[in-house]
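Worksheet: one structure, shown below.
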Amino acid sequence: QVQLVESGGGSVQTGGSLRLSCAASGYTYSTYSNCMGWFRQAPGKEREGVALIASDGITEYTDSVKGRFTISQDNAKNTLYLQMNSLKPEDTAMYYCAADPIWVGHCRADKLKKTDFRYWGQGTQVIVSS
């Protein structure tokens, strides 16, 4: 059974940084068929894609976080990360980790616009105060 467990959320002031982690268990990483991502959902808003990474190393980001957030993964530790710098109040949301064993060629910008990943974590809260 696949489990994704996020951690690292918290409360910070504008301009601060946080590093989110997502520990995956029961999930088999494949060189050619793996896509992992971070999504977020603010109160009253739809869930939106933040960043994704394919097993070929290609990364995609939503425009609002480009240059501030960095997604990475450590396959040896089965862990996905999201380094968030220069945080803004509008980054406040519940952040979710997601995984989908799809072909890497489909793990691109269009995938970030959808919420059809197969596996999801329970989320970790990020609050950015002004």
Side-chain angles (χ1 to χ4, degrees):
Q1 184 176 355
V2 175
Q3 279 194 319
L4 303 176
V5 180
E6 302 95 334
S7 61
S11 296
V12 296
Q13 292 188 327
T14 297
S17 298
L18 285 173
R19 188 193 195 201
L20 305 184
S21 298
C22 171
S25 60
Y27 184 72
T28 302
Y29 286 81
S30 169
T31 301
Y32 301 106
S33 58
N34 182 48
C35 186
M36 299 196 73
W38 289 98
F39 288 73
R40 65 186 180 187
Q41 188 167 17
K45 294 188 176 181
E46 293 186 352
R47 190 171 297 190
E48 66 167 346
V50 175
L52 62 75
I53 184 167
S55 49
D56 60 358
I58 297 296
T59 59
E60 301 282 356
Y61 298 90
T62 192
D63 287 345
S64 62
V65 308
K66 286 180 180 177
R68 299 190 297 124
F69 291 10
T70 302
I71 188 171
S72 61
Q73 62 184 22
D74 185 333
N75 290 346
K77 296 182 179 179
N78 286 359
T79 303
L80 180 73
Y81 301 100
L82 184 67
Q83 178 67 43
M84 305 187 296
N85 299 327
S86 302
L87 283 161
K88 305 175 181 180
E90 50 263 44
D91 295 318
T92 294
M94 184 72 78
Y95 282 72
Y96 298 90
C97 167
D100 203 350
I102 60 172
W103 176 57
V104 294
H106 291 159
C107 187
R108 299 293 187 257
D110 284 347
K111 181 69 172 177
L112 196 57
K113 300 175 184 177
K114 305 173 184 177
T115 56
D116 62 353
F117 278 66
R118 182 177 298 183
Y119 305 110
W120 291 87
Q122 294 300 307
T124 185
Q125 182 71 50
V126 171
I127 298 174
V128 184
S129 58
S130 57

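When reading the values below, keep in mind they use all heavy atoms of this one structure, side chains included, and skip hydrogens, waters and symmetry mates.
- Pairs of residues two or more places apart, or lying in two chains, never qualify as salt bridge (charged side-chain N to carboxylate O under 4.0 Å, His left out) while including a residue from residues 7-16.
- Qualifying side chain to side chain donor-acceptor pair (under 3.5 Å) partners for Y96, counting only residues two or more places apart in sequence or in other chains: none.
- Judged as a salt bridge (charged side-chain N to carboxylate O under 4.0 Å, His left out), and not counting sequence neighbours, R47 has no contacts.
- Listed by first and then second residue, the disulfide (SG to SG under 2.5 Å) pairs involving residues 44-130 are C22-C97, C35-C107 (not counting sequence neighbours).
- Annotation: side-chain hydrogen bond (donor to acceptor under 3.5 Å, both in side chains) contacts involving residues 6-15, sequence neighbours excluded, are absent.
- Evaluation of the salt bridge (charged side-chain N to carboxylate O under 4.0 Å, His left out) rule for D116 yields K111 as partners, not counting sequence neighbours.
- A donor-acceptor distance shorter than 3.5 angstrom exists from the side chain of Y61 to the backbone of I71, with no hydrogens or angles considered.
- In this view, K45 satisfies the salt bridge (charged side-chain N to carboxylate O under 4.0 Å, His left out) rule with no residue, not counting sequence neighbours.
- A search for side chain to side chain donor-acceptor pair (under 3.5 Å) contacts involving R108 returns D56, not counting sequence neighbours.
- In terms of the side chain to side chain donor-acceptor pair (under 3.5 Å) criterion, D110 has no residue partners (sequence neighbours excluded).
- When the salt bridge (charged side-chain N to carboxylate O under 4.0 Å, His left out) test is applied to R68, the partners found at least two apart in sequence or on another chain are D91.
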Please list every donor-acceptor pair under 3.5 Å in which a side-chain atom of residues 123-130 meets a protein atom from a residue at least two apart or in another chain.
| residue | atom | partner | partner atom | Å |
| --- | --- | --- | --- | --- |
| T124 | OG1 | G9 | N | 3.1 |
| Q125 | NE2 | A93 | O | 3.2 |
| S129 | OG | V12 | O | 3.4 |

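- Applying the ring-ring contact (aromatic ring centres under 6.0 Å, His included) criterion to F39, with sequence neighbours excluded, gives F117, W120.
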